[in-house]
There are 2 protein chains.
Amino acid sequence: MARAELLRQQSTHLVLAELKVACANCNVREICQPAGLTQEELDQLDALVNVRRKLKRGDTLYRAGEPFDALYAVRSGFFKARVTFEDGRDQVTGFSMAGELLGMDGIGHGTHNCDAVALEDSEVCSIPYSRLEELSREISSLQRHFHKLMSREIVRESGVMMLLGAMRAEERIAAFLLNLSQRLNARGYSPLEFNLRMTREEIGSYLGLKLETVSRAFSKFHNDGLIEVEQKFVRIKSIEGLKQIYAHHVS
Amino acid sequence: MARAELLRQQSTHLVLAELKVACANCNVREICQPAGLTQEELDQLDALVNVRRKLKRGDTLYRAGEPFDALYAVRSGFFKARVTFEDGRDQVTGFSMAGELLGMDGIGHGTHNCDAVALEDSEVCSIPYSRLEELSREISSLQRHFHKLMSREIVRESGVMMLLGAMRAEERIAAFLLNLSQRLNARGYSPLEFNLRMTREEIGSYLGLKLETVSRAFSKFHNDGLIEVEQKFVRIKSIEGLKQIYAHHVS
DNA sequence: CTGCTCAATTGATCCATGTCAAAACACAAT
DNA sequence: ATTGTGTTTTGACATGGATCAATTGAGCAG
């Protein structure tokens with residue numbers, strides 16, 4: 001093994017050790033910290049979330065068909081979930097940012113249903129599912145919290161069905177930008193200026209559109225003064241304007 | 001109160017009493033009977049699933065915005081789930097038949113996210129959510145089973161996203177028929193002959209298509225000898241033919 | 001800096017599905 | 001049977017977004 005490689009690994013170990021902080025101090029509170037836990041319960045939770053894993057851009061966290069045994073809390077970075085069809089067609093079914101939970105699709109049949117791919121260098125905490133089950137039998141607020149997260153995923157997906165089934169291209173893209181903005185805001189980032197982590201093609205796949213259509217919509221919103229776009233950078237200049245894109249629909 | 005009305009109510013009570021059978025004997029096993037329960041656990045389950053409710057065609061089991069407090073197991077009949085938009089547009093997000101579970105969308109935010117409407121006279125068992133939570137802390141196979149059902153709903157929805165985002169009209173409709181056929185089969189009904197409970201418009205809404213497009217696809221499949229359709233009646237003549245509709249896609 | 005590759009933009013054209021309209025049909029109430 | 005209402009089918013036409021193609025730009029390796 002090359003000396004540089006060895007050094008890199010050692011330094012990685014060092015970094016991992018530093019990052020092995022308690023869940024109680026984790027900035028990704030929403031997942032692993034349902035309100036109202038005792039100190040003892042917090043310690044149990046800490047023991048549950050045992051492994052932290054780093055991924056480079058392009059790495060897959062898991063693939064469709066692989067056995068399921070853990071959920072993943074995104075600590076930093078950005079992921080896409082992708083379902084592939086028999087004939088090779090695929091579709092992006094969601095994007096996950098820091099503070100969100102990944103992998104709940106695997107519980108139902110014991111194998112993952114989609115690929116989770118890092119869109120930038122990322123870090124996750126893995127949460128062994130069998131231990132989550134045990135612990136949530138003991139800590140009812142954890143149980144309740146976990147059920148809520150599953151249910152919200154169901155609701156999120158029916159929102160996407162609405163996008164895909166009932167909205168036109170520009171409405172979908174306006175809704176996409178607003179959703180991204182709102183989630184970034186909830187995580188403490190600027191809701192008005194951000195860098196897209198995904199390509200136009202990935203946005204298109206998620207929204208059931210071709211990349212050219214996504215690009216054209218961005219250009220149109222830009223010309224209409226609703227946003228500024230330059231490559232991956234987006235600045236939203238009029239939240240209201242974007243909302244009107246799909247509010248102003250006449251049926 | 002009119003005499004006829006009184007009589008009707010009394011007779012309803014009678015029917016309810018008759019139907020108050022134990023979960024152990026219920027034909028809707030998949031929901032309320034995770035494998036391997038002891039007699040005591042079965043009795044507990046029995047007490048959990050307390051209220052049976054009858055709905056006439058067109059009745060809503062619950063509406064978006066109403067407080068959530070129970071899940072519903074469909075004992076007989078057929079439902080659609082529908083999400084309505086601010087501007088009045090709506091979309092069917094799913095169909096549920098006997099043996100399936102309804103209402104998991106409500107857990108996340110404590111209010112229902114969609115309307116559940118009976119498409120024919122139906123009967124459901126209501127399962128108070130707070131008691132389901134309690135009981136699933138005690139009976140781990142119930143807990144596991146419930147988690148699976150939630151997860152499968154997530155997987156189902158990402159399948160629909162695939163339909164809506166990546167498949168063409170005829171592919172969507174072929175997939176829809178095959179899915180219906182497979183679910184009917186799992187419930188012990190004929191997978192090759194059945195009556196649709198929903199209109200072309202409802203199918204279209206679910207699949208992101210207009211009713212005319214649905215009708216044309218049915219006619220085309222009929223002419224191609226894949227199915228027979230006459231109004232609501234469908235006979236599938238070639239499962240393989242339907243599968244090839246979306247397998248034969250060249251990308 | 002140069003060349004390479006991949007992402008994004010923009011224009012021109014095409015086509016799958018939507019839209020509009022009319023007729024046939026089914027079912028329920030009277 | 002008659003009438004009314006909602007569903008389905010079918011045809012003619014319109015259009016939003018896909019497709020095809022060319023160009024520009026960004027990021028990266030050498």
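Residue numbers start from 1 in every chain, and the chains themselves are labelled A, B, ... in the order their sequence lines are given, proteins ahead of strands. Treat the numbers as computed from the prediction; the structure is a model and nothing was measured.
Comparing the helix axis at one end of the helix from C/dC1-D/dG30 to C/dT30-D/dA1 with that at the other, each defined from 5 consecutive pairs, gives an inter-axis angle of 50° (nearest 10°).
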- prompt: What's the verdict on salt bridge (charged side-chain N to carboxylate O under 4.0 Å, His left out) for B/Glu193 and B/Arg235, showing C-alpha distance, side-chain angles and the deciding distance?
  reply: CA-CA 4 Å; B/Glu193 288 186 31; B/Arg235 171 180 292 131; 3.2 Å; yes

Listing time: all N or O pairs from protein to nucleotides 6-9 of chain D that are below 3.5 Å?
| unit_1 | atom_1 | unit_2 | atom_2 | d |
| --- | --- | --- | --- | --- |
| D/dT8 | OP1 | B/Lys232 | NZ | 3.1 |
| D/dT8 | OP2 | B/Arg200 | N | 2.8 |
| D/dT9 | OP1 | B/Arg200 | NH2 | 3.2 |
| D/dT9 | OP2 | B/Arg200 | NE | 2.9 |
| D/dT9 | OP2 | B/Ser215 | OG | 2.7 |
| D/dT9 | O5' | B/Ser215 | OG | 3.2 |

I'd like a list of close polar pairs between nucleotides 27-30 of chain D and the protein, N/O only, cut-off under 3.5 Å.
none

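Here the side chains of B/Lys232 and B/Arg197 are not in contact, with every heavy-atom distance at 4.5 Å or above.
A/Leu180 pairs with exactly one of A/Ile236, A/Leu196, A/Val234 by the side chain to side chain contact (heavy atoms under 4.5 Å, CB included) rule, that one being A/Leu196. Test A/Asp115, A/Val74, A/Val117 against A/Phe79 for side chain to side chain contact (heavy atoms under 4.5 Å, CB included) and you get one pass: A/Val74.
When heavy atoms are screened at a 4.0 angstrom cut-off, B/Gly208 is found touching the sugar-phosphate backbone but no base atom.
If you walk DNA chain C from 5' to 3' and mark each nucleotide with an atom closer than 4.0 Å to a heavy atom of chain B, the marks span C/dA16 to C/dA26.
Between B/Lys210 atom NZ and D/dT15 atom C1' there is a gap of 14 Å when expressed in whole angstrom units. In this structure, the NZ atom of B/Lys220 is 14 Å from the P atom of D/dT10, given to the nearest Å.
Between B/Gln91 atom CD and A/Leu163 atom CG the span is 9.5 Å, to the nearest 0.5 Å. A/Arg168 CZ to A/Thr213 OG1: the interatomic distance, rounded to the nearest 0.5 Å, is 13.0 Å. One distance of note links CG of B/Leu71 with CE of B/Met104; it measures 7.0 Å at 0.5 Å rounding.
For A/Ser181 (side chain) and A/Pro191 (main-chain N/O), a donor-acceptor pair under 3.5 Å exists by modelled atom type. In this structure a side-chain-to-backbone donor-acceptor pair under 3.5 Å is present from A/Thr199 to A/Glu201.
The two residues A/Thr93 and A/Arg82 make their nearest non-hydrogen contact at OG1-N, 4.3 Å. Between B/Glu170 and B/Ala217 the shortest heavy-atom distance is CG-CB, 4.3 Å.
Taking the side chain to side chain donor-acceptor pair (under 3.5 Å) definition, one finds that B/Asn179 meets it with B/Arg183, sequence neighbours left out.
Listed by first and then second residue, the ring pair (Phe, Tyr, Trp, His ring centres under 6.0 Å) pairs that reach into residues 181-209 of chain B are B/Phe95-B/Tyr206, sequence neighbours excluded.
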